[in-house]
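Here the structure is laid out as structure tokens; the discussion comes afterwards.
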Amino acid sequence: MKRILVVDSDEQVASILTLKLKQDGFEAESAGTSADALRIIPDFKPDLIVSEMILPKMSGIDFMKRVKMNPGTMHIPFVFLSSSRDVENKILALDMGAVAVFAKPLFINDLLKNIKEILGEYELKSGSEAAETMPEGDISDISVLNILSILLENKSSGEVEFSSSSDKKGAIFCDEGNVVRAETNDGDNKDGMEELYKILSWSDGTFSVNYGDIEVERNICLPQKKIIERAVEWFKEYSALLRSLPPADTMIHLDFNEFVENLNKLPDDIDAVIRNISESGNRISEIIDSCGGDRKKTAAYLKQLFNLSVVTLKNTNEKKSPENSIETVENTEKNIDKTKEKTEPAEEISFEEPAPKKSGKIVLFVLLLAIAAAIIIFIYYRGLI
């Protein structure tokens with residue numbers, strides 16, 4: 001007899017669906033929350049889970065993530081029920097491994113027919129084949145912290161491989177849920193917590209879990225709960241620093257004058273951040289990536305540089321090109337010529353003036369031109385011409 005677990009916070013829906021399943025020859029149990037369902041699963045061992053997407057405390061999708069991350073339950077197919085019109089969540093549920101998403105209100109007979117078809121398809125797959133499929137996904141869908149928490153809950157052993165959107169690689173090794181090693185491809189991997197903090201800062205990328213016994217050299221010796229506590233604290237502080245800065249893809253520039261003026265206020269090791277800001281500017285994410293090491297410290301230094309106006313959103317060191325300077329002089333000369341035409345009488349006056357030199361001394365040129373015009377007018381009205 002196939003076992004089906006119904007998870008829905010609406011007691012009436014859960015009761016009716018459970019009763020119909022039993023009448024149709026299934027063994028069925030119900031739970032009102034994800035937490036209750038997680039407690040029922042180990043003993044009940046369902047062949048299928050039918051769950052509402054919107055659940056109290058933990059969403060249906062987060063509930064499915066935990067089930068799919070457990071090597072003992074990852075093969076259980078999920079069917080979601082949804083009264084929401086949010087298409088994105090439905091697509092996300094299917095991407096995360098759900099078999100189907102059915103809209104509420106339900107047509108019980110249609111649902112039962114689909115459940116039988118789903119179970120029939122899964123019955124064709126052997127348990128060994130299902131177990132070979134290892135959990136994988138996007139870090140944007142399930143964070144590194146969530147993965148660590150799930151591994152601890154399931155007391156899992158194995159390796160989690162990470163790849164960031166900027167092509168950085170990392171790995172976390174667990175023994176019965178306890179993290180014993182963390183490493184990255186650009187670190188010395190001596191201090192496992194420092195390497196773990198790097199991986200925690202990756203908000204985009206992919207992960208894959210390979211369950212099994214591991215033999216690695218430990219570089220983390222803290223209890224798992226302590227690791228989680230420190231990781232949560234570090235992540236909160238790092239996230240707060242990022243929120244205090246402009247968006248990660250913002251281009252920033254170094255104001256050299258402000259840098260020199262505030263040099264005595266800056267710590268010595270901030271030089272590593274300064275060196276990673278090129279003359280044409282860099283994006284905040286690029287600077288944090290290229291500095292390596294403690295990303296939280298780099299973010300704190302960037303905040304300090306912003307507060308002192310040493311880094312800005314505008315390139316204050318940009319100079320005008322020679323072409324722009326010449327164009328400015330020529331436009332000024334044209335304006336002077338127009339002023340001269342308005343000042344002189346209509347009768348043609350022969351006056352030979354030196355060719356203006358295109359230089360930056362515009363003020364002197366205007367002054368000389370005005371004096372010459374005044375002399376000509378004075379002579380004209382005295383009748384000497």
Side-chain angles (χ1 to χ4, degrees), residues 59 62 88 138-149 162-170 172 182 184 186-187 191-207 222 226-318:
S59 72
D62 286 336
E88 289 185 3
D138 293 329
I139 300 172
S140 56
D141 293 332
I142 178 169
S143 69
V144 178
L145 273 175
N146 274 335
I147 292 171
L148 293 182
S149 298
F162 296 92
S163 179
S164 75
S165 55
S166 57
D167 292 330
K168 295 184 181 295
K169 308 292 183 184
I172 296 175
T184 58
D186 61 348
D191 187 336
M193 288 303 296
E194 290 299 321
E195 304 305 322
L196 178 60
Y197 294 150
K198 284 187 196 177
I199 300 173
L200 283 175
S201 68
W202 299 348
S203 56
D204 293 299
T206 59
F207 74 90
L222 296 172
K226 196 69 176 178
I227 293 171
I228 297 291
E229 287 174 7
R230 290 194 182 182
V232 169
E233 183 181 358
W234 184 95
F235 188 75
K236 283 182 178 179
E237 292 175 359
Y238 179 66
S239 299
L241 284 168
L242 290 184
R243 287 194 297 270
S244 70
L245 297 171
D249 60 349
T250 303
M251 187 74 74
I252 63 173
H253 306 269
L254 177 69
D255 187 323
F256 186 74
N257 293 330
E258 290 291 341
F259 171 62
V260 173
E261 187 174 332
N262 291 282
L263 197 57
N264 62 332
K265 300 178 183 178
L266 301 174
D268 294 338
D269 55 351
I270 206 171
D271 183 54
V273 179
I274 300 295
R275 284 200 308 270
N276 280 284
I277 306 177
S278 65
E279 188 176 347
S280 58
N282 293 88
R283 301 187 189 280
I284 291 175
S285 57
E286 294 173 344
I287 296 168
I288 293 176
D289 281 342
S290 56
C291 285
D294 190 338
R295 298 166 74 90
K296 186 178 75 173
K297 191 175 183 181
T298 300
Y301 280 161
L302 282 173
K303 180 180 179 180
Q304 184 180 4
L305 291 172
F306 263 107
N307 291 340
L308 294 172
S309 299
V310 174
V311 294
T312 62
L313 303 183
K314 185 178 179 182
N315 189 357
T316 57
N317 302 315
E318 187 177 5

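One distance of note links CE of M251 with CD1 of I277; it measures 12.0 Å at 0.5 Å rounding. Here CD1 of I284 is found 12.0 Å from CG of D289. Values are rounded to the nearest 0.5 Å. To the nearest 0.5 angstrom, S164 atom OG is 7.0 Å from I139 atom CD1. Here D138 contributes atom CG and S203 contributes atom OG; the two are 11.5 Å apart, rounded to the nearest 0.5 Å. We find the CZ-CD1 distance between R283 and I288 to be 13.5 Å, quoted to the nearest 0.5 Å. Separating the CG atom in N262 from the CG atom in L308 is a distance of 4.5 Å, to the nearest 0.5 Å.
Salt bridge K169/D186: absent, no basic N to carboxylate O contact under 4.0 Å. The existence of a salt bridge linking K236 and E233 is excluded, since no basic side-chain nitrogen approaches an acidic carboxylate oxygen closer than 4.0 Å. Salt-bridge formation is detected for the pair D269/K297: a Lys NZ or Arg NE/NH1/NH2 atom is positioned less than 4.0 Å from an Asp or Glu carboxylate oxygen.
Between W234 and Y238, the ring-plane angle classifies as parallel under the 30° and 60° cut-offs. Ring planes of F207 and F162: tilted class, angle from 30 to 60°.
Looking only at distances, a side-chain donor or acceptor of S201 sits under 3.5 Å from a matching main-chain atom of K198.
Two residues are said to be in side-chain contact when any heavy atoms from C-beta on lie closer than 4.5 Å; V273 and V311 fail this criterion. Using a 4.5 Å heavy-atom cutoff, the side chains of Y197 and K296 are not in contact.
Of all heavy-atom pairs between A299 and L242, the closest is CB-CD2, 4.5 Å. Residue G281 comes nearest to H253 through the heavy atom pair CA-ND1, 3.5 Å, listed as atom of the first residue, atom of the second, then distance. The two residues K303 and S244 have their closest heavy-atom pair at CD-OG, 3.5 Å. D255 and S309 get closest at one heavy-atom pair: CB-O, 3.8 Å. Nearest heavy-atom pair, C291 versus A272, reported as atom, atom and distance to 0.1 Å: SG-O, 3.8 Å. A pairwise comparison of heavy atoms in S290 and N276 identifies OG-OD1, 3.1 Å as the closest pair.
No more than 12 heavy atoms of other residues, nucleotides or ligands lie within 6.0 Å of CZ in F235, so this atom counts as exposed by the packing criterion. Heavy atoms of other residues, nucleotides or ligands lying less than 6.0 angstrom from CG of N264 number more than 12.
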| Could you walk me through whether V144 and I172 pass the side-chain contact (heavy atoms from CB on, under 4.5 Å) check? | CA-CA 10 Å; V144 178; I172 296 175; 4.2 Å; yes

| side-chain contact (heavy atoms from CB on, under 4.5 Å) assessment of L305 paired with I270 | CA-CA 9 Å; L305 291 172; I270 206 171; 3.7 Å; yes

| task | For Y301 and T298, run side-chain contact (heavy atoms from CB on, under 4.5 Å): C-alpha distance rounded to whole Å, both residues' side-chain angles, the deciding distance at 0.1 Å, then the answer. | result | CA-CA 5 Å; Y301 280 161; T298 300; 5.7 Å; no

| field | Steps toward side-chain contact (heavy atoms from CB on, under 4.5 Å) verdict (E237, L241) | value | CA-CA 6 Å; E237 292 175 359; L241 284 168; 5.6 Å; no

